[in-house]
Colleague: 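Quick one: structure below, then a few questions.
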Amino acid sequence: MRAHVARRVLLLFPMMVAVATIVFLLVHLTPGDPAAVLAGEAASPQDVETMRKALGLDRPLPEQYWSFLTRLFTRLDMGESLFLKMPVTRAIVDRLEPTLLLTLLAAVFSVGLGIPLGIGAAVRHNQATDRLLMIVALLGLSIPSFWLGINLAIVFGLWMKALPVAGYAPLAEGVWASVRYLILPAMALGFPGSALIARMMRSSMLDVLRMDYVRTARAKGLSERLTVYRHALKNGLLPTLTVIGLSIAGLAGGAVIVETVFAVPGAGMLVINAISRRDYPVIQGAVLFSALLYVVINLIVDLMYAYIDPRVRYD
């Protein structure tokens, strides 16, 4: 197990180098000039060129790339935001609280809804309940999170006036004060993931429920509830773990759109503003953070495999 974790950590460096390279090239080759944005619409070509020199954007692309990699992997420095005039790490950390809390709530919603729906559909295979639950799952996979968020805001915010539809209260003001602002965004963000988890859980449970040991448990007179939750669930959950891990990692990326819909001042809004203004360092830093999140979550999923099923071993 330790050797497996060590190998995964060692693979992290070349993976992050590859991600950093791709992001750097994509960002710098995208049309648009941050110097022109900073200089203003009334700026002359000479003013724009002066701004480019001040930002270091006049240097050759290989030189900018090498400088970026050197700062990143020797000092863990992702540079300074061109517009916020602060380190990228600080800019991301300052806006990370609402994004992390939103991602956590959406993950709880996805897993808490998806797993029971998948189990219920598998247990009632080919019955009306199974078809209804799978229709709900299909809708979840088909409905964009931003469209669902807009409709949730209209129903629960404008019509029922039950929950706020915009803004965020810091955790320092109380847990409930923060959570109530994120309930609707978490539902909009987590529902598509719950649909994917439900379909995967159903498929996995159907395979497990047909196995001999499950039939044996039923033949011994165990109740259906004990048979499903004590004997079948553990093995049925294993293939779903990968989907759960990828879904949770994807929630952080999906938060960019949902935060925009609900005006949540998190890392998503920071990225949207950075893209519109061609703030290269912030865009690169946000993508690198997301890539690191994917790697860490995949590692956690691997370790959970061995914890849930003792037969899984890493040599």
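Here, residue 1 is the first one in the sequence, and each next residue gets the next number. All of these numbers come straight from a predicted model, not from anything done at the bench.
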Colleague: Of the non-hydrogen atoms in Ala20 and Leu69, which two are nearest, and what is the gap between them?
Modeller: CB-CD2, 4.0 Å
Colleague: Could you pull out all residues at least two apart from Tyr168 that satisfy ring-ring contact (aromatic ring centres under 6.0 Å, His included)?
Modeller: none
Colleague: Taking only residues two or more places apart in sequence, or in another chain, which ones meet Gln46 in a side-chain hydrogen bond (donor to acceptor under 3.5 Å, both in side chains)?
Modeller: Ser44
Colleague: Who passes ring-ring contact (aromatic ring centres under 6.0 Å, His included) against Phe109, sequence neighbours left out?
Modeller: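 Phe109: no ring-ring contact (aromatic ring centres under 6.0 Å, His included) contacts found.
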Colleague: If you apply the rule side chain to side chain contact (heavy atoms under 4.5 Å, CB included), what do you find for Phe146 with Thr260, and how did you get there?
Modeller: CA-CA 9 Å; Phe146 72 88; Thr260 304; over 6 Å; no
Colleague: Would you confirm whether Thr227, through its side chain, and Ser223, through its main-chain N or O, come within 3.5 Å as a donor-acceptor pair?
Modeller: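 Judged by distance alone, yes, a pair lies under 3.5 Å.
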Colleague: Please report the shortest heavy-atom distance between Arg210 and Arg215, naming the atom on each side.
Modeller: O-NH1, 2.6 Å
Colleague: Taking only residues at least two apart or on different chains, which pairs with a member in residues 130-150 satisfy salt bridge (charged side-chain N to carboxylate O under 4.0 Å, His left out)?
Modeller: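 Applying salt bridge (charged side-chain N to carboxylate O under 4.0 Å, His left out) to every pair that reaches into residues 130-150, excluding sequence neighbours, yields Asp130-Arg202.
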Colleague: Has Gln284 got a side-chain atom pairing as donor or acceptor with Met78's backbone, closer than 3.5 angstrom?
Modeller: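 Flag not set: sc Gln284 to bb Met78 has no pair under 3.5 Å.
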Colleague: What's the shortest heavy-atom distance between Leu184 and Pro164, and which atoms?
Modeller: CD1-O, 3.9 Å
Colleague: Taking Pro170's backbone N and O only, do any of them form a donor-acceptor pair with Ser178's side chain (distance below 3.5 Å, no angle check)?
Modeller: yes
Colleague: Does CZ in Arg90 sit with more than 12 non-hydrogen atoms of other residues, nucleotides or ligands closer than 6.0 Å?
Modeller: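 Check fails, neighbour count at 12 or below.
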Colleague: Is there a donor-acceptor contact under 3.5 Å from the side chain of Ser81 to the main chain of Val88?
Modeller: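 Judged by distance alone, no pair lies under 3.5 Å.
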Colleague: Kindly give the heavy-atom pair with the smallest separation between Leu171 and Leu101, and that separation in Å.
Modeller: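 Where Leu171 meets Leu101 most closely, the heavy atoms are CD2-CD2, 4.0 Å.
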Colleague: Say whether Thr99 and Glu259, considering side chains only, have a donor N or O and an acceptor N or O under 3.5 Å apart.
Modeller: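 The answer is yes; a qualifying pair exists.
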Colleague: In terms of hydrophobic clusters joined by side-chain contacts under 4.5 Å, are Leu270 and Val256 together?
Modeller: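 No, Leu270 does not connect to Val256 through the hydrophobic network.
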Colleague: Are Leu226 and Leu233 connected in the hydrophobic side-chain network, where two residues link if heavy atoms are under 4.5 Å apart?
Modeller: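 No.
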Colleague: Taking ring-ring contact (aromatic ring centres under 6.0 Å, His included) as the definition, give me every residue that meets it alongside Tyr65, ordered by chain and number, with sequence neighbours left out.
Modeller: Phe24
Colleague: Linking I/L/V/M/F/W/Y whenever any side-chain heavy atoms sit under 4.5 Å apart, do Phe289 and Val17 land together?
Modeller: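 Phe289 and Val17: one cluster.
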Colleague: Keeping the roles fixed (side chain from Ser194, backbone from Phe191), state whether a donor-acceptor pair exists under 3.5 Å.
Modeller: yes
Colleague: What distance separates Ile275 CD1 from Tyr280 OH, expressed to the nearest 0.5 Å?
Modeller: 12.5 Å
Colleague: Examine distances only and state if a side-chain atom of Arg95 and a backbone atom of Met269 form a donor-acceptor pair shorter than 3.5 Å.
Modeller: no
Colleague: If every non-hydrogen atom of Met205 is compared with every non-hydrogen atom of Ala122, which pair is closest and at what distance?
Modeller: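 That closest heavy-atom pairing would be CB-CB, 3.5 Å.
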Colleague: Show, in sequence, the C-alpha distance, side-chain angles and deciding distance for Tyr181 and Val264, and conclude whether the side chain to side chain contact (heavy atoms under 4.5 Å, CB included) test is met.
Modeller: CA-CA 8 Å; Tyr181 276 95; Val264 177; over 6 Å; no
Colleague: Examine Leu189 and Phe156 and state if one hydrophobic cluster contains both, with Ile, Leu, Val, Met, Phe, Trp and Tyr joined whenever side-chain heavy atoms are less than 4.5 Å apart.
Modeller: yes
Colleague: What ring-ring contact (aromatic ring centres under 6.0 Å, His included) pairs are there with at least one residue in residues 71-101, not counting sequence neighbours?
Modeller: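 Residue pairs passing ring-ring contact (aromatic ring centres under 6.0 Å, His included), neighbours aside: Phe13-Phe73.
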Colleague: Show, in sequence, the C-alpha distance, side-chain angles and deciding distance for Asp279 and Asn273, and conclude whether the side chain to side chain contact (heavy atoms under 4.5 Å, CB included) test is met.
Modeller: CA-CA 8 Å; Asp279 197 339; Asn273 292 332; over 6 Å; no
Colleague: Are the side chain of Asn151 and the backbone N or O of Trp147 linked by a donor-acceptor pair below 3.5 Å?
Modeller: yes
Colleague: With a sphere of 6.0 Å drawn around NZ of Lys220, does it hold more than 12 non-hydrogen atoms of other residues, nucleotides or ligands?
Modeller: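 No - once you tally the heavy atoms of other residues, nucleotides and ligands closer than 6.0 Å, there are 12 at most.
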Colleague: So, Ser204 side chain and Met200 main chain: donor-acceptor pair closer than 3.5 Å or not?
Modeller: no
Colleague: Report the C-alpha distance between Met16 and Leu288 in whole Å, list the side-chain angles of each, state the deciding distance to 0.1 Å, and finish with yes or no for side chain to side chain contact (heavy atoms under 4.5 Å, CB included).
Modeller: CA-CA 7 Å; Met16 295 306 293; Leu288 286 172; 3.9 Å; yes
Colleague: Apply side-chain hydrogen bond (donor to acceptor under 3.5 Å, both in side chains) to the pair Ser67 and Arg71, showing each step before the final yes or no.
Modeller: CA-CA 6 Å; Ser67 176; Arg71 291 196 316 269; 3.0 Å; yes
Colleague: Write down the atom of Pro265, the atom of Gly167, and the distance for their closest heavy-atom approach.
Modeller: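 Scanning both residues completely, I find the closest heavy atoms to be CD-C, 4.3 Å.
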Colleague: If hydrophobic clusters are built from ILVMFWY residues whose side chains come within less than 4.5 Å, do Ile257 and Ile183 share one?
Modeller: yes
